Enquirer: 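Quick one: this structure, given as structure tokens, is what I'll be asking you about.
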Number of protein chains: 2
Amino acid sequence: MTGARATDGDPGGRSKRAEATRRRLLDAADGLFYAGGIRATGVEAIAEGAGVTKMTLYSHFSSKDELVAHYLSERDARWREALEGRLAKHEAPDEKLLAVFDAYREYVVSGELRGCAFVNCAAEFPDREHPARRVAREHKAGLRRRLAGLSAEAGAEEPEVLAERLFVLLEGAYVTAAMEGDEGVVDRARRLAEDLVSAAAVARGEPSRG
Amino acid sequence: MTGARATDGDPGGRSKRAEATRRRLLDAADGLFYAGGIRATGVEAIAEGAGVTKMTLYSHFSSKDELVAHYLSERDARWREALEGRLAKHEAPDEKLLAVFDAYREYVVSGELRGCAFVNCAAEFPDREHPARRVAREHKAGLRRRLAGLSAEAGAEEPEVLAERLFVLLEGAYVTAAMEGDEGVVDRARRLAEDLVSAAAVARGEPSRG
DNA sequence: CCTAAATCTTACCGGTCAGTATAGTTACGG
DNA sequence: CCGTAACTATACTGACCGGTAAGATTTAGG
């Protein structure tokens with residue numbers, strides 16, 4: 001019972017070696033789960049991808065479900081990092097709002113148009129209370145909150161409305177890009193977003209920026 | 001070799017009995033594949049759901065993959081029927097454009113928020129050339145064409161642009177409704193669509209309708 | 001250098017899956 | 001009413017899956 005370290009997600013008392021192994025496992029899980037689908041990918045393949053045995057995998061994660069949840073958590077963390085990196089390049093909140101589309105396009109393209117990992121997870125796991133589904137929900141909620149905050153900063157009269165519209169546009173563009181194999185739709189959705197953001201700013205009496 | 005009827009999708013020389021069995025199989029496949037996911041649903045469960053044996057299933061469909069493709073084809077056909085039923089209630093093309101959102105909301109709710117079957121299929125089958133993926137692509141392309149036609153009829157200056165924007169809104173609302181368990185997003189997306197359609201009509205000098 | 005943690009090796013379990021074989025039975029249509 | 005198409009019953013194959021067992025071995029770190 002003392003060695004039940006498999007379940008915690010934070011770096012408790014793990015050695016550097018174990019830490020590195022865990023990293024390789026999560027990296028392998030990320031690549032394989034995303035590219036091939038979760039149910040279609042066996043744990044053995046992930047262990048092999050990490051250069052490790054199935055036994056070692058199970059000493060880091062107590063079950064496949066838990067590994068899946070961590071896989072999505074990692075995706076979420078990396079996404080937030082990439083997003084904030086993008087946003088930091090801009091000062092004005094309305095520019096930041098549009099920069100979210102740039103971050104999306106980058107993600108869409110880098111994933112070879114396999115779609116949103118969180119949406120795909122929802123497709124594979126109908127159970128809304130599956131640990132991975134909780135992570136997925138929180139991921140989307142986080143983006144929504146970010147958009148709402150930026151919308152408020154941009155002075156939109158109804159920040160929640162603008163945020164949801166941008167959110168829906170982002171989601172629609174992402175899923176469309178994956179379905180049709182066309183990443184250009186993200187940029188075209190962005191053009192509509194520009195109108196929405198401008199209109200929201202104009203409604204407040206601010207000058208729109210070209 | 002003469003009995004190789006399993007592969008054709010049209011009602012060739014099937015008896016009424018076989019026809020009815022095929023119907024029950026497709027109905028069972030629809031319910032189970034959609035609710036539980038395709039990979040997670042075994043062919044045995046579908047046969048049982050149709051009240052027949054696995055052997056009978058395989059006398060109607062040559063493989064699970066083929067059954068999956070037919071499952072999506074059926075979905076597409078039923079969707080088109082439901083959509084045209086909705087559209088027929090309206091005369092003006094701009095009203096028809098918005099009625100698509102009503103049809104979507106109805107579909108979203110009726111499916112208990114399990115999302116778009118075609119998107120879910122894309123999530124489960126990475127191979128773009130999988131027969132089911134082809135059906136999914138054609139399904140989306142069909143809707144796009146319909147939207148583009150209606151946009152042109154509505155007199156939009158750039159029908160393709162309007163159509164794609166509405167399409168992306170529809171897709172985004174659908175996936176969001178499924179992810180967050182909130183069907184209201186479809187109606188809220190519709191509100192933005194109303195603005196887009198009005199703007200397109202206004203640009204042509206037509207009076208907008210309340 | 002020695003110890004304790006981390007990993008490896010190998011083999012196994014019970015279960016599920018897609019798909020097939022064979023032989024027997026039912027129901028429908030001419 | 002009979003022939004044939006449709007379906008049943010049952011058992012099987014071969015593969016893969018998630019997860020576990022037990023003991024040997026390696027590695028890092030004090």
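Below, chain A is the first sequence line, B the second, and so on; all start at residue 1. Hydrogens, waters and symmetry mates play no part in the numbers below; they use all other heavy atoms, side chains included. Quick caveat: nothing in here was measured; it's all calculated off a predicted structure.
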Enquirer: How close or far is atom P of dC7(D) from atom CZ of R22(B), stated in whole angstroms?
Expert: 11 Å
Enquirer: Given dT20(C), dA6(D), dA28(D), which nucleotide is nearest the side-chain atoms of M55(B)?
Expert: dT20(C)
Enquirer: Between R133(B) and D127(B), is there a side-chain N and carboxylate O pair less than 4.0 Å apart?
Expert: no
Enquirer: Going by an N to O cut-off under 4.0 Å, is there a salt bridge joining E180(B) and K140(A)?
Expert: no
Enquirer: What integer distance in Å separates R24(A):CZ from dA6(C):P?
Expert: 14 Å
Enquirer: Should R191(B) and D187(B) count as an ion pair when the cut-off is N to O under 4.0 Å?
Expert: no
Enquirer: About how many Å separate OH of Y174(A) and OG1 of T176(A), when rounded to the nearest 0.5 Å?
Expert: 12.5 Å
Enquirer: Whether E183(B) and R188(B) form a salt bridge (side-chain N of Lys/Arg under 4.0 Å from carboxylate O of Asp/Glu) is what I want to check.
Expert: no
Enquirer: Could you tell me whether R23(A) and D27(A) make a salt bridge, using a distance below 4.0 angstrom between a side-chain N and a carboxylate O?
Expert: yes
Enquirer: Send over the distance from L57(A) CG to dT20(D) P, rounded to a whole Å.
Expert: 12 Å
Enquirer: Taking only heavy atoms on the protein side, list every residue of residues 27-53 of chain B lying under 4.0 Å from any atom of DNA chain D, sorted numerically.
Expert: G51(B), V52(B), T53(B)
Enquirer: Run the salt-bridge test on K96(B) and E153(B) with the 4.0 Å N-O cut-off and return the result as yes or no.
Expert: no
Enquirer: Could you please name the option among dC7(D), dT20(C), dG18(D) that lies closest to any side-chain atom of K54(A)?
Expert: dG18(D)
Enquirer: If only side-chain N and O atoms of T21(A) are considered, is one of them under 4.0 Å from the OP1 or OP2 phosphate oxygen of dT7(C)?
Expert: yes
Enquirer: Grab the CD-P distance between E66(A) and dG19(D) for me, whole Å please.
Expert: 10 Å
Enquirer: Counting only heavy atoms and a strict 4.0 angstrom limit, can you tell me which residues of residues 120-134 of chain A come near DNA chain C?
Expert: none
Enquirer: Please list, chain by chain and in numerical order, all residues satisfying salt bridge (Lys or Arg N to Asp or Glu O under 4.0 Å) with D102(B), sequence neighbours excluded.
Expert: R105(B), R190(B)
Enquirer: How close or far is atom C1' of dC17(D) from atom CG of D65(A), stated in whole angstroms?
Expert: 13 Å
Enquirer: Taking atom P of dT7(C) as reference, at what distance in whole Å does atom CD of E19(A) sit?
Expert: 10 Å
Enquirer: For the side chain of Y58(B), starting at C-beta, report the closest nucleotide among dA6(C), dG19(C), dG18(D).
Expert: dG19(C)
Enquirer: Report yes if at least one side-chain N or O of H60(B) is closer than 4.0 Å to OP1 or OP2 of dA6(D); otherwise report no.
Expert: no
Enquirer: Is the closest basic N to carboxylate O distance between E160(A) and R144(A) below 4.0 Å?
Expert: no
Enquirer: To the side chain of S63(B), which of dT7(C), dG19(C), dG19(D) is closest?
Expert: dG19(C)
Enquirer: Taking only the side-chain heavy atoms of T56(B) (C-beta and beyond), determine which of dA6(D), dG19(D), dT8(D) contains the nearest atom.
Expert: dT8(D)
Enquirer: dA6(C), dA27(C), dA18(C): which one has an atom nearest the side-chain heavy atoms of R17(B)?
Expert: dA27(C)
